[in-house]
Amino acid sequence: MLAIIQKQQNNYVVKFNRPLSHSADAVWAVLTENEKLQKWMNNLEIIDLRKNGKIHFNMNDETNAYKEIAITDYAEKEVLEFDWGKDTVRFELSPTDNGSILVLLETIGGLTDHTPKDLAGWHICLNLLSDLLNGTVHEKFPMEEWQKWFAEYKQLVDAVEEI
């Protein structure tokens, strides 16, 4: 399911919508518990889970280097929002009769050549998250699948820029 890009007055909002057949509690756990989080997004490590808390983006290059990311909004089992470079990533979680809906919103200041790469990356990470909930752990990032989605998101970003 491809994300939707909406142009706002001063930025763009990218929305990924993922209905999941798992409870909000189970989804929240894979978003916020490091041993689960790192199985679908191995660079992230929750350090202080609260509004104004922090996350580390680990370089995973054997230097122990990381970038500190600020948690800008938080509501337990509902919202996790954090800085993503100059942009913002927000997860919104709500229960449904059949499980839950996870929405990822990325607010982007401007579209660049890197935008489709980033969006393809989030798309794959959400697939990995879903697979993890379904009991499948991937040992490595699926680069061939990423390339397929990169091409899709390149077309999508190009179409938005033409508007």
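Computed from heavy atoms alone, side chains included, the values below leave out hydrogens, waters and symmetry copies. This chain uses plain numbering: 1 for the first residue, then up along the sequence.
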Requested in this report: Answer whether the closest heavy-atom distance between the side chains of Phe150 and Lys148 falls below 4.5 Å.
Outcome: no
Report summary line: For Arg90 and Glu92 the tightest heavy-atom approach is NE-OE2, 2.7 Å
Query raised in the report: Can any side-chain N or O of Trp40 pair as donor or acceptor with the backbone N or O of Val30 at less than 3.5 Å?
Result: yes
Report task. Verify side-chain contact (heavy atoms from CB on, under 4.5 Å) between Leu119 and Ile5, making sure each step is shown before the conclusion. Result -> CA-CA 10 Å; Leu119 300 182; Ile5 302 175; 3.9 Å; yes
Query raised in the report: To the nearest 0.5 Å, how far apart are CD in Glu33 and NZ in Lys39?
Result: 10.5 Å
Query raised in the report: Cluster question for you: counting only ILVMFWY and a side-chain heavy-atom cut-off of under 4.5 Å, with indirect links fine, are Leu2 and Leu111 together?
Result: yes
Report task. Can you see which heavy atom on Gly109 is nearest to which on Tyr12, and at what distance? Result -> O-CD1, 4.4 Å
Report task. Classify the ring geometry between Tyr153 and Phe16 as parallel (under 30°), tilted (30 to 60°) or perpendicular (over 60°). Result -> tilted
Query raised in the report: Yes or no on side-chain contact (heavy atoms from CB on, under 4.5 Å) for Leu80 and Leu49, after CA distance, side-chain angles and deciding distance?
Result: CA-CA 9 Å; Leu80 176 62; Leu49 186 59; 4.0 Å; yes
Using distance only, find each side-chain donor-acceptor pair of residues 50-57 under 3.5 Å and give its atom names and separation, not counting sequence neighbours.
from  : atom 1 : to    : atom 2 : distance (Å)
Arg50 : NE     : Asp48 : OD1    : 3.3
Arg50 : NE     : Asp48 : OD2    : 2.8
Arg50 : NH2    : Asp48 : OD2    : 3.0

Query raised in the report: Is the backbone N or O of Asn58 less than 3.5 Å from a side-chain atom of Asn43, with the two atoms forming a donor-acceptor pair by type?
Result: yes
Query raised in the report: Going hydrophobic residue to hydrophobic residue with side-chain gaps under 4.5 angstrom, can you get from Leu104 over to Trp146?
Result: yes
Requested in this report: Could you tell me whether a side-chain N or O of Gln38 sits under 3.5 Å from a main-chain N or O of Leu44, the two making a donor and an acceptor?
Outcome: yes
Requested in this report: Say whether Met1 and Val27 are linked into one hydrophobic cluster, either directly or through other cluster members, by side-chain heavy-atom distances under 4.5 angstrom.
Outcome: no
What donor-acceptor contacts under 3.5 angstrom involve side-chain atoms of residues 127-134, with partners at least two apart or in another chain?
from   : atom 1 : to     : atom 2 : distance (Å)
Asn127 : ND2    : Glu145 : OE2    : 3.1
Asp131 : OD2    : His138 : NE2    : 2.6
Asn134 : OD1    : His22  : NE2    : 2.7
Asn134 : ND2    : Ser130 : O      : 3.2

Query raised in the report: For Asp61 and Thr63, does a side-chain donor sit closer than 3.5 Å to a side-chain acceptor?
Result: yes
Requested in this report: Give the cluster check for Leu102 versus Val13: same hydrophobic cluster or not, with ILVMFWY residues linked at side-chain heavy-atom distances below 4.5 Å.
Outcome: no
Query raised in the report: Is Phe91 reachable from Ile4 through a run of hydrophobic residues whose side-chain heavy atoms are each under 4.5 Å from the next?
Result: no
Query raised in the report: How far apart are the closest heavy atoms of Ser100 and Thr96, and which atoms are they?
Result: N-OG1, 3.3 Å
Query raised in the report: When rounded to the nearest 0.5 angstrom, what distance separates CZ in Phe82 from CD in Glu68?
Result: 14.0 Å
Report task. Mind running side-chain contact (heavy atoms from CB on, under 4.5 Å) on Ile69 and Asp83 for me, showing each step along the way? Result -> CA-CA 6 Å; Ile69 298 172; Asp83 290 338; 4.3 Å; yes
**Report entry** Smallest separation among heavy atoms of Trp28 and Glu78, with atom names
**Finding:** CZ3-N, 3.6 Å
Query - Side chain Asn34, main chain Ile46, donor-acceptor under 3.5 Å - result: yes
Query raised in the report: More than 12 foreign heavy atoms under 6.0 Å from OH of Tyr66: is that the case here?
Result: no
Report summary line: All heavy atoms of Leu31 vs all of Leu37, minimum pair found to be O-CD1, 3.7 Å
Query raised in the report: Does some side-chain heavy atom of His123 sit less than 4.5 Å from a side-chain heavy atom of Arg18?
Result: yes
Report summary line: Note: Pro142 and Ile124 closest approach over all heavy atoms is CG-CG2, 3.7 Å
Report task. Show your reasoning for whether side-chain contact (heavy atoms from CB on, under 4.5 Å) applies to Val89 and Trp122. Result -> CA-CA 10 Å; Val89 170; Trp122 280 120; 3.6 Å; yes
Report task. Working to the nearest 0.5 Å, report the span between OG1 of Thr107 and NZ of Lys15. Result -> 12.0 Å
